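Just below is one structure, and these are the notes that go with it.
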Amino acid sequence: MPSDIRVRIAPSPTGPLHIGTARTALFNYLFARRVGGTFILRLEDTDVARSTAAFERDILDGLHWLGITWDEGPGVAGLEEAGPYAPYRQMLRLDSYAAAAERLLADDAAYRCYCTAEELDADRREREAAKLPPAYSGRCANLTPGERAAREAEGRTAAVRFRVRKGVVGWNDLVRDRVEIDTANLGGDFVIVRGDGTPLYHFTVVVDDAAMQISHVIRGEEHVSNTPKHILLFEALGYEVPVFAHLPLILNPDGSKMSKRKSQTAVADYIAQGFTREALVNYFAFLGWSPGTEEDVMDLATLEQRFELDKVQKGGARFDRERLEWLNGQWIRRLADDDLVARLLPFTEAAAAAGVIDRAPAEDELTALLPMVRERLSTLASITDVVGFLWRGLTPDPATLVPKRWDAATALTGLTAARDVLAAHDPVTWEADELEPPLRALVEARGWKAGDLFMAVRMAVTGQAATPPLFDVLVALGRERALARLDAAIAALAAAA
RNA sequence: GCCCCCAUCGUCUAGAGGCCUAGGACGCCGCCCUUUCAAGGCGGAGAUCACCGGUUCGAAUCCGGUUGGGGGUACCA
């Protein structure tokens, strides 16, 4: 059944998709899906100096990548734009802001302000010196027609200021209950249209939310203090005030508001590092919300059914990368084989292009490796940490070829004996189950510890002390390469002796 | 400075007056499994529920104050 609940995410294309924006988008999306409402995406691009098409692309692509879809706005169903309230880009809606500003001016709910940046600056310094909170002086609030004409004759441009009425503005916030703020603390009449005619955020957000019939404004806590301005504007324009819900912020590990300086904030960076959309969505959803049960791994479809705004936390949540990595491992382990391989391929290809490995493995090669790599991946990119030795050359290092409990001479005899056993092994049965018994027999015959011999062989064929199970590794390497690496290790050890 | 908000293990959280000698998860530490590394299983340390006062037979849960933290204070969004 269709609902008249309408929510939106209104990103500003002044930077790449930020984790905070993604999380707010997710909560709006989940709320809309849960209640059968409509989710809208609107681009707030009125900061022309900082907005770019590339950032816009990054934001839309990033949200889609996460699996978040919207019903109206740019990029719906592959279209440039779709929805009954188009356009969904603020720079294309300038007429409506101008009309709304005219209405406010006509009602004397707003007035033209001719103050220069210098005057405003001086005011601010003066109030600062007097230890007063910054606020507009009201210099242009009651200009006579003559005074106005004089300023215009001077060639001054006029910004439009909204008259802030005295009193208390309050609302019933869906996550923090009743909030009330005295308008005396708003800093005086505020600018809604710049001197150059472009509208400001506080104004456009209200005009658009009203025009697009937004019923619930779900946004970050940083907007709590701005909400009275918005409510005043809704009222002055004669619009119904939407319901507000302010989400807790995502914090840096030190507890401050998440920032690029202290944290990795771009969703694209997480994608590039091999985090899965499932893990990211799962993690974001549980940052500030919980189902009230002891479940902690949950997919998008389930979240859509379970999400509830009143279970949202009030306090900010610190970003915990270790927990994200754990969740990522959980999701990697749950992916179907072909899906995992398809997601791994771009990472091995990128590693090859970057020279981290010499060649990128083929699809079926990766598929065959899955059983031994799957539970060892914390990120998709870590595939090269786990089995990168398969795709790059190896230079034996005599110093690392000797296991802890052995000396160089023992390592040399051990590796030589192991090599001979493996070389004598029937090439047709070069399989993990077949290779293990003869080497175990060798260990038995010589009175060694299996772990020591295996470690020496492991270092010789992989160059790493931590790898997937040795016999799987020998099989993945193939007989020729395994023997060649053993030969090289033996030679290096002999040369060093 | 002023305004607003918040406050349970290091972190994310469960908890909506008696079920709490506060539960789960990440991380950490042991043990098991084991050729290393993971994964998995089992166990452990870790929170006098920020503090102080109330209300109540009874408070992590309600009220007030204090402290601490965060956000906001633009012709940015």
Side-chain angles (χ1 to χ4, degrees), chain A residues 10-15 21 44-47 49-51 113 115-117 120 124 127-128 131-136 157-161 173 176 179-182 184-187 190-196 198-202 204-205 220-228 246 248-249 251 253 255-257 283 286-297 310-311 313-327 329 333 372-378 385-386 403 436 439-440 443 449-455 457-459 462 464-471 473:
Chain A
S12 175
T14 53
T21 307
E44 309 221 320
D45 55 358
T46 53
D47 185 348
R50 296 192 298 145
S51 294
C113 169
C115 294
T116 61
L120 260 16
R124 189 172 47 72
R127 292 192 58 98
E128 205 170 302
K131 291 195 193 293
L132 288 167
Y136 178 58
T157 56
V160 178
R161 268 184 203 275
D173 197 286
R176 44 206 79 218
V179 181
E180 293 187 335
I181 295 175
D182 192 317
N185 299 305
L186 260 32
F190 58 92
V191 175
I192 56 176
V193 179
R194 293 185 181 89
D196 67 4
T198 56
L200 255 18
Y201 168 74
H202 294 309
T204 58
V205 73
E221 187 195 321
E222 72 266 31
H223 288 293
V224 170
S225 310
N226 295 326
T227 303
H246 289 93
L249 261 22
L251 274 18
S256 55
K257 183 183 178 182
Y283 184 70
F286 279 66
L287 255 194
W289 175 83
S290 102
T293 63
E294 289 183 348
E295 300 156 283
D296 39 35
V297 180
D310 47 358
K311 280 197 156 69
Q313 209 78 11
K314 291 191 183 75
R318 299 174 200 232
F319 192 85
D320 181 356
R321 194 186 165 98
E322 302 214 60
R323 196 179 169 82
L324 206 211
E325 286 185 8
W326 171 78
L327 263 178
R333 271 165 245 140
M372 72 164 111
V373 301
R374 172 167 235 135
E375 71 241 25
R376 276 165 254 265
L377 296 173
S378 60
D385 296 332
V386 179
E436 186 165 353
L439 276 193
R440 291 240 176 229
V443 163
K449 283 190 179 296
D452 292 332
L453 205 234
F454 293 176
M455 183 52 84
V457 175
R458 171 179 291 110
M459 288 304 309
T462 70
Q464 297 171 197
T467 70
L470 181 60
F471 299 98
V473 165

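Every value quoted in this text rests on a predicted model; they were computed, and no experiment measured them. Letters go in sequence order (proteins before strands), and every chain restarts at 1.
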Check side-chain contact (heavy atoms from CB on, under 4.5 Å) between [X] and all other residues, then give those that pass, not counting sequence neighbours.
X: Asp182(A); answer: Val168(A), Ala184(A), Asn185(A)
X: Thr227(A); answer: Trp171(A), Arg219(A), Ile231(A), Phe244(A), His246(A)
X: Thr157(A); answer: none
X: Glu436(A); answer: Arg440(A), Phe471(A)

For [X], report the nucleic acid contact type (base, sugar-phosphate, nothing); a contact means any heavy atom under 4.0 Å.
X: Glu128(A); answer: nothing
X: Gly288(A); answer: sugar-phosphate
X: Thr198(A); answer: nothing
X: Phe286(A); answer: sugar-phosphate

(request) Return the 5'-most residue of the pair Lys311(A), Cys113(A) with respect to RNA chain B, ranking by each residue's nearest nucleotide. (result) Lys311(A)

(request) Let me know, please, whether Ile181(A) or Trp289(A) comes out on the 5' side of the other along RNA chain B by nearest nucleotide. (result) Ile181(A)

Residue [X], side-chain atoms from C-beta onward, closest of [options]:
X: Ser290(A); options: G1(B), A14(B), C75(B); value: A14(B)
X: Ala159(A); options: U11(B), C6(B), C75(B); value: C75(B)
X: Arg194(A); options: C6(B), C12(B), A77(B); value: A77(B)
X: Arg323(A); options: C5(B), A77(B), A25(B); value: A25(B)

Looking only at atom [atom1], what distance separates [N] and [M], rounded to whole Å?
N: A60(B); M: C51(B); atom1: P; result: 11 Å
N: G41(B); M: G24(B); atom1: P; result: 14 Å
N: C37(B); M: G43(B); atom1: P; result: 23 Å
N: C12(B); M: A7(B); atom1: C1'; result: 15 Å
N: G15(B); M: G23(B); atom1: C1'; result: 9 Å
N: G70(B); M: C75(B); atom1: P; result: 26 Å
N: U36(B); M: G30(B); atom1: P; result: 16 Å
N: G65(B); M: G27(B); atom1: P; result: 41 Å

[X] [atom1] to [N] [atom2]: how many Å, rounded?
X: Glu294(A); N: G23(B); atom1: CD; atom2: P; result: 10 Å
X: Asp196(A); N: C76(B); atom1: CG; atom2: P; result: 9 Å
X: His202(A); N: C75(B); atom1: NE2; atom2: P; result: 9 Å
X: Phe319(A); N: C26(B); atom1: CZ; atom2: P; result: 17 Å
X: Asp296(A); N: U11(B); atom1: CG; atom2: P; result: 18 Å
X: Arg318(A); N: U13(B); atom1: CZ; atom2: P; result: 11 Å
X: Lys314(A); N: U13(B); atom1: NZ; atom2: P; result: 13 Å
X: Glu322(A); N: C26(B); atom1: CD; atom2: P; result: 12 Å

Who pairs with [N] - Watson-Crick or G-U, where each distance is under 3.5 Å:
N: C62(B); result: G54(B)
N: A7(B); result: U67(B)
N: U36(B); result: none
N: C28(B); result: G44(B)
N: G1(B); result: U73(B)

(request) Ignoring backbone atoms, test whether Ser12(A) places a side-chain nitrogen or oxygen under 4.0 Å from the OP1 or OP2 oxygen of C76(B). (result) no

(message) Is the phosphate of U8(B) approached by Gln313(A) (side-chain N or O, under 4.0 Å from OP1 or OP2)?
(response) no

(message) Please enumerate all residues that pass salt bridge (charged side-chain N to carboxylate O under 4.0 Å, His left out) together with Arg127(A), with sequence neighbours excluded.
(response) none

(message) Under a 3.5 Å cutoff, is there a donor and acceptor pairing between the side chains of Arg458(A) and Thr462(A)?
(response) no

(request) Tell me yes or no: between the side chains of Thr293(A) and Glu295(A), is some donor less than 3.5 Å from an acceptor? (result) yes

(message) Could you work out, with side-chain hydrogen bond (donor to acceptor under 3.5 Å, both in side chains) as the rule, every residue matching Arg161(A), not counting sequence neighbours?
(response) none

(message) Under the rule for side-chain hydrogen bond (donor to acceptor under 3.5 Å, both in side chains), what residues qualify as partners of Arg124(A), not counting sequence neighbours?
(response) Asp121(A)

Pairs: protein N or O with nucleotides 60-66 of chain B N or O, under 3.5 Å:
none

(request) First locate atom CG of Leu287(A), then atom CZ of Arg318(A), and finally report the distance between them rounded to the nearest 0.5 Å. (result) 12.5 Å

(message) Within this structure, what is the CD-CG distance for the pair Glu325(A) and Asp320(A), rounded to the nearest 0.5 Å?
(response) 9.5 Å

(request) Under the side chain to side chain contact (heavy atoms under 4.5 Å, CB included) rule, what do Cys115(A) and Tyr136(A) come out as? Steps first, then yes or no, please. (result) CA-CA 10 Å; Cys115(A) 294; Tyr136(A) 178 58; 3.2 Å; yes

(message) Strictly under 4.0 angstrom, non-hydrogen atoms only: write out the protein contact profile of nucleotides 31-43 of chain B, one letter per nucleotide from the 5' end, B, S or -.
(response) ----BBBBSS---

Every protein N/O lying under 3.5 Å from an N/O of nucleotides 70-72 of chain B:
from: G71(B); atom 1: OP1; to: Lys257(A); atom 2: N; distance (Å): 2.8
from: G71(B); atom 1: N2; to: Ser225(A); atom 2: OG; distance (Å): 3.2
from: G72(B); atom 1: OP1; to: Lys257(A); atom 2: NZ; distance (Å): 2.8

(request) Mind checking ring-ring contact (aromatic ring centres under 6.0 Å, His included) for Phe286(A) and listing every partner two or more places apart, or none if nothing turns up? (result) Trp289(A)

(message) Restricting to ring-ring contact (aromatic ring centres under 6.0 Å, His included), what partner residues turn up for Phe319(A), sequence neighbours left out?
(response) Tyr270(A), Tyr283(A)

(message) Looking at Gln313(A) and Gly315(A), would you say the former's side chain and the latter's main chain have a donor-acceptor pair under 3.5 Å?
(response) no

